[in-house]
Amino acid sequence: MSMPKPFNIALAGLGTVGGGTAHILLEKATWLAERCGRALRIVAWSDLEGHGKRDDCDLSSVPWFEDAAEMAAQAPADAVVELIGGVEGMAKQVCETALAHGRHVVTANKALLAHHGLALAEAAEEKGVCLAFEAAIAGGIPIVKSLREGLVANRCRHVVGILNGTCNYILTDMAKTGRPFSDILKESQELGYAEADPSFDIDGIDTAHKLALLAALAFGHRVDFDSVHIEGIAAITPTDITHAEELGFQIKLLGIAKEYDGRVEQRVHPCLVPQSSDIARVAGVENGIQVQGDKVGPTFYQGAGAGGLATGSAVVADLADLARGLRRPAFSLPVAALKPLIPAPISQRRGAAYLRFMARDEPGVVARIAQCLSERNISMETVLQHGQKDQSGSVPVIIVTHQCQETDLYVALETTAAIPEMTEKPLMIRIESFDDSQAS
Ligand code: HSE
């Protein structure tokens, strides 16, 4: 019996994820060949640093292309793996060129997919090849496969997740050590977790890219990044983390997508989550995702959300599927069958909130804040004021509200600005409890 043809791979980008992917393909060559029934072989690679030798892999004997798009056109590859990153430029060109030449594309590029995923998926469909992106969401967790295949029998109600390892690493470390934000960010950059532009992590944009893709997979509608409400973690201080813990919560940056009344809510912001929830226990660079299906009920996925080997593991999973001959539409359904997304604005949210006011410690401040809240029908559940002054002489006044209307919160917070003792803009962090109704 003749040996089946190897599955040929061209690798564009040999950074953290590219290096991890190459390492796995080389180290696990026999293991993968046994499981796929054919060898997975790197036949070409491209990276601006053209020597191909890294601590974790050596591609110096494999043909190198200076121009990754030229490689996508000319290398004798069944699949082109795009691990360059970026929304436009070379990453997009490599994917478009590979698809135009009838090659499968495997990418970890969530930013590219959030903006151009539908056009790339259409291009793949025209040529009868696949666009695969397991590695683009939640690093090594097989969440794309879970939504597209494992949960295919389910109508999803919601997808809620910690989708950015860098932010979770920062928030976990701040809670553990009280160290400043900037030191911890530097550390996560050194570990290879952060985006090239770390404001994508901190400002919630990376989470939003991933959420827009997850929502499309979960609900079968077109990717709509522009309708994601996005807030990052830059305003969170160690004071908030300590007070949240005292109240029985952890602070996490969540991506939340819910479908109700024919509309889809997509939002990214820091949240207080109950310490007893699965999500609260997701620590460090890990990601965690809860998917609520109508038949299976709640399911939860947890694992490394960033890093070369974890993300490389997801890239290799896509390559193995393609080598085995498995073919699926990128977003579960052919692009023409995806519904248009009708957004549900965040202003429609009803839920509880944690409010932090910084004010001079003088009589009547809490009463004045309470007045502003009650004017908007917002009821207080808990008030904390421990009287520790910061360097400016302000003290934090923490209020946890009962469920209320998002728009009432906006107005109430606006009116507190007129309280003379107030020294800073108030901070609001929404409280999420993961029930299945619109109210969270
Ligand atoms: N910067 C991303 C993160 C990498 O921290 O999660 C994985 O997408």
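Atoms within a ligand are numbered from 1 in the order they appear, just like the ligands themselves. Since we're looking at a predicted model, the values are computed, not measured.
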Exercise. Which bit of V285 gets closer than 4.0 Å to ligand 1, counting heavy atoms only: side chain, backbone, both or neither?
Worked result: neither
Exercise. Which of the numbered atoms in ligand 1 are below 4.0 angstrom from a heavy atom of D201?
Worked result: 1 (N), 2 (C), 3 (C), 5 (O)
Exercise. With no hydrogens and no angle check, is any side-chain donor or acceptor of N168 less than 3.5 Å from a backbone partner on V282?
Worked result: yes
Problem set entry | Shortest protein contact, atom 2 (C) of ligand 1 (heavy atom only) | E195 OE2, 3.1 Å
Exercise. Under 4.0 Å from any heavy atom of G305, which atoms of ligand 1 are there?
Worked result: 6 (O), 7 (C)
For this session: Identify, for atom 6 (O) of ligand 1, the protein heavy atom at the shortest distance, and state residue, atom and that distance.
Result: G165 N, 2.7 Å
For this session: Give a yes-or-no answer on whether the side chains of Y410 and E406 include a donor-acceptor pair shorter than 3.5 Å.
Result: yes
Exercise. What do you reckon, does K110 have a nitrogen or oxygen under 3.5 Å from a nitrogen or oxygen of ligand 1?
Worked result: yes
For this session: Start with the C-alpha distance between F200 and H209, add both sets of side-chain angles, then the distance that settles ring-ring contact (aromatic ring centres under 6.0 Å, His included), and finish with yes or no.
Result: CA-CA 10 Å; F200 271 46; H209 287 147; 5.8 Å; yes
Exercise. Applying a 4.0 Å heavy-atom criterion (strictly less than), which segment of T166 is in contact with ligand 1: side chain, backbone, both, or neither?
Worked result: both
Problem set entry | F331 and F133 aromatic ring geometry - parallel, tilted or perpendicular at 30°/60° bounds | tilted
For this session: Give a yes/no verdict on whether any heavy atom in G139 is under 4.0 Å from an atom of ligand 1.
Result: no
For this session: Taking the side chain as every heavy atom from C-beta outward, state whether M428 and H269 have any atom pair closer than 4.5 Å.
Result: no
Exercise. Would the number of heavy atoms belonging to other residues, nucleotides or ligands and lying under 6.0 Å from CZ of R155 be above 12?
Worked result: no
